[in-house]
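Written out below as structure tokens is the structure these notes cover.
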Amino acid sequence: MKVTIVGAGNVGATCADVISYRGIASEVVLLDIKEGFAEGKAMDISQCATTTGFNTRVSGSTNDYSKTANSDVVVITSGIPRKPGMTREELVGINAGIVKGVADNVLKHSPNAVIVVVSNPMDTMTYLTLKATGLPKNRVIGMGGALDSSRFKYYLSKALNKPSADVDGMVIGGHGDTTMIPLTRLASYCGVPVSTFLSQEEMDKVAADTMVGGATLTGLLGTSAWYAPGASVAYLVDSILNDQRKMIPCSVYLEGEYGQSDICMGVPCIIGKNGVESIVDIKLNDAEKASFAKSAEAVRAMNADLKTVLA
Ligand SMILES: NC(=O)c1ccc[n+]([C@@H]2O[C@H](COP(=O)([O-])OP(=O)(O)OC[C@H]3O[C@@H](n4cnc5c(N)ncnc54)[C@H](O)[C@@H]3O)[C@@H](O)[C@H]2O)c1
Ligand SMILES: O=C(O)C[C@H](O)C(=O)O
């Protein structure tokens, strides 16, 4: 199975690294516009093969899409990351042109690939990819919810003082500082609702910390995060390539689900060999439904900025 990652920067290279050492794909191609950069990252990752023990073939390409031919999955991480104090939404102007150009190029060589969109603002870039390529909606998936959920579980584990592996939880909605929706009501520790152990105040703080999880890291690092993002993309790619049918919150095209249409945003999906196998209706309560509608309003307003790119 072959995976192409366009954008060999922090997130793209981390994703290639995780896919390789976990043996998720037999071949990974990294592509970047910076001369020699993807080749260098691929060589560096490949030189881990004997120490971490993997057989994945990893290669790099400077903007030569013929090397990406017949990929099963293409991940788009090309674009600008935010700097401290910025929102993801401020990246739309520059990243829209990059993502559209990349999506057109990859499809020329991998017409059957499932596309995973990572570049920010991710929900809008996912919508753009779907509209610009005309691909069926099951083959365009935005990655954000897997990462936001892993941060939610991290903050829950801290508040509970229990291992992350014993905590479950999910974040839906937009992948933005104010649009994501941590589903605290459904979060659990070893199958028991977290409300059994945490006060409302503690749960509210976990949700607030989760929502600004990306901004917190951007403030600390000077650019946005990459280890958890790269690992979250690899987790999603694994479910596609190996037909694991995991339920993962992903940004996908909605046609009436969760009361929304003509928009891409995060909802729980079954992810398998066809990409989005189905969208799961988890029956939100009234407050969660209202949050989802508010989140959709903000995501939809952002999509309006695409008019010139899509014209
Ligand atoms: N969806 C998420 O959860 C999530 C998580 C982390 C980062 N991101 C986003 O992913 C993107 C990448 O982040 P990063 O930290 O890896 O940035 P980065 O700057 O480290 O890497 C981006 C790479 O894209 C390359 N690039 C730019 N234009 C290109 C083009 N036309 N073709 C090929 N390559 C091109 C650059 O040369 C660079 O190497 C950003 O937009 C960031 O906001 C999203
Ligand atoms: O925070 C960002 O800008 C990058 C990414 O969306 C993240 O959540 O880490």
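Just follow the structure's listing: the first ligand is 1, and inside any ligand the first atom is 1. Hydrogens, waters and symmetry mates are skipped; everything else that's a heavy atom, side chains included, is used.
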| said: Students should be able to answer this: which protein heavy-atom is nearest to atom 5 (C) of ligand 1, and at what distance? | reply: P229 CB, 3.5 Å
| With no hydrogens and no angle check, is any side-chain donor or acceptor of S71 less than 3.5 Å from a backbone partner on V74? | no
| request: Report the part of D148 in contact with ligand 2, treating N, CA, C, O as backbone and CB onward as side chain, heavy atoms under 4.0 Å; options are side chain, backbone, both, neither. | output: neither
| query | At a non-hydrogen distance cut-off of under 4.0 Å, which region of A225 contacts ligand 1 (side chain, backbone, both, or neither)? | reply | backbone
| query | For ligand 2, which atoms sit closer than 4.0 Å to a heavy atom of R88? | reply | 1 (O), 2 (C), 3 (O), 5 (C), 6 (O), 7 (C), 8 (O)
| query | Any N/O of N10 closer than 3.5 Å to an N/O of ligand 1? | reply | yes
| request: Around atom 31 (N) of ligand 1, find the nearest protein heavy atom and jot down its residue, atom name and distance. | output: I98 CG2, 3.6 Å
| field | Under 3.5 Å: N/O of G144 near N/O of ligand 1 | value | no
| query | Should the heavy atoms of other residues, nucleotides or ligands under 6.0 Å from CG of D281 be counted, would the total exceed 12? | reply | yes
| message | When you compare the side chains of Q47 and D44, does any donor N or O come within less than 3.5 Å of an acceptor on the partner? | response | no
| message | One residue to check: R151. Relative to ligand 2, which of side chain, backbone, both or neither has a non-hydrogen atom less than 4.0 Å away? | response | side chain
| query | What are the atoms of ligand 2, with element, lying closer than 4.0 Å to any heavy atom of S224? | reply | 2 (C), 3 (O), 4 (C)
| query | Using a heavy-atom cut-off of under 4.0 Å, does the side chain or the backbone of N120 touch ligand 2, or both, or neither? | reply | side chain
| request: Could you tell me whether the side chain of R245 and the main chain of S239 form a donor-acceptor pair under 3.5 Å? | output: no
| query | Which protein non-hydrogen atom lies closest to atom 1 (O) of ligand 2, naming both residue and atom, and how far is it? | reply | R82 NH2, 2.8 Å
| request: For the pair T77 (side chain) and V6 (backbone), establish whether a donor and an acceptor sit closer than 3.5 Å, ignoring hydrogens and angles. | output: yes
| message | Donor-acceptor pair, distance only, cut-off 3.5 Å: does the side chain of D72 make one with the backbone of K2? | response | yes
| Are D104 and K108 ion-paired here, with the side-chain N under 4.0 Å from a carboxylate O? | no
| Got the closest protein heavy atom to atom 43 (O) of ligand 1, with its distance? | N120 ND2, 2.9 Å
| query | Which heavy atom of the protein is the closest neighbour of atom 39 (O) of ligand 1, given with residue, atom name and distance? | reply | D32 OD2, 2.7 Å
| remark: Counting from 1 in the order shown, the ligand 1 atoms closer than 4.0 Å to a non-hydrogen atom of M122 are 1 (N)
| query | atom 4 (C) of ligand 1: which of V118, V233, D123 has the nearest heavy atom? | reply | V118
| query | Is a donor on one side and an acceptor on the other found under 3.5 Å between the side chain of D32 and the backbone of T62? | reply | no
| task | Report the member of S61, G12, S78, G145 with the shortest heavy-atom distance to atom 35 (C) of ligand 1. | result | S78
| request: Measure the distance from atom 16 (O) of ligand 1 to every protein heavy atom, then report the residue, atom name and distance (to 0.1 Å) of the closest one. | output: V11 N, 2.8 Å
| said: Taking distance alone, with N or O pairs closer than 3.5 Å, would you say R82 contacts ligand 1? | reply: no
| What do we get for I80 next to ligand 1 when only non-hydrogen atoms under 4.0 Å count, side chain, backbone, both or neither? | backbone
| message | Can you confirm whether more than 12 heavy atoms, excluding those of K137, are under 6.0 Å from its NZ atom? | response | yes
| said: Applying a heavy-atom cut-off of 4.0 Å, say which part of P81 lies close to ligand 1: side chain, backbone, both or neither. | reply: both
| When you look for heavy atoms under 4.0 Å from ligand 1, do you find them on the side chain of V6, its backbone, both, or neither? | side chain
| Contact check: S224 vs ligand 1, nitrogen or oxygen atoms, below 3.5 angstrom | no
Side-chain donor-acceptor distances from residues 114-131 under 3.5 Å, at least two apart:
from	atom 1	to	atom 2	distance (Å)
S119	OG	I76	O	3.4
S119	OG	S78	O	2.6
N120	OD1	M122	N	3.0
D123	OD1	S251	OG	2.8
D123	OD2	H175	N	2.7
T124	OG1	N303	OD1	3.2
T126	OG1	M122	O	2.7
Y127	OH	D262	OD1	3.1
Y127	OH	D262	OD2	3.1
T129	OG1	M125	O	2.7
K131	NZ	Y253	OH	3.3
K131	NZ	D262	OD1	3.1

| Using heavy atoms and a threshold below 4.0 Å, how should the contact between W226 and ligand 1 be classified: side chain, backbone, both, or neither? | neither
| query | So, for Y258 and F292, is the gap between ring centers shorter than 6.0 Å? | reply | yes
| task | Identify the residue among C250, C15, S232 that makes a side chain to side chain contact (heavy atoms under 4.5 Å, CB included) with M143. | result | S232
| request: Could you list the atoms of ligand 2 found under 4.0 angstrom from a heavy atom of H175? | output: 5 (C), 6 (O), 7 (C), 8 (O)
| Are the side chain of N285 and the backbone N or O of E288 linked by a donor-acceptor pair below 3.5 Å? | yes
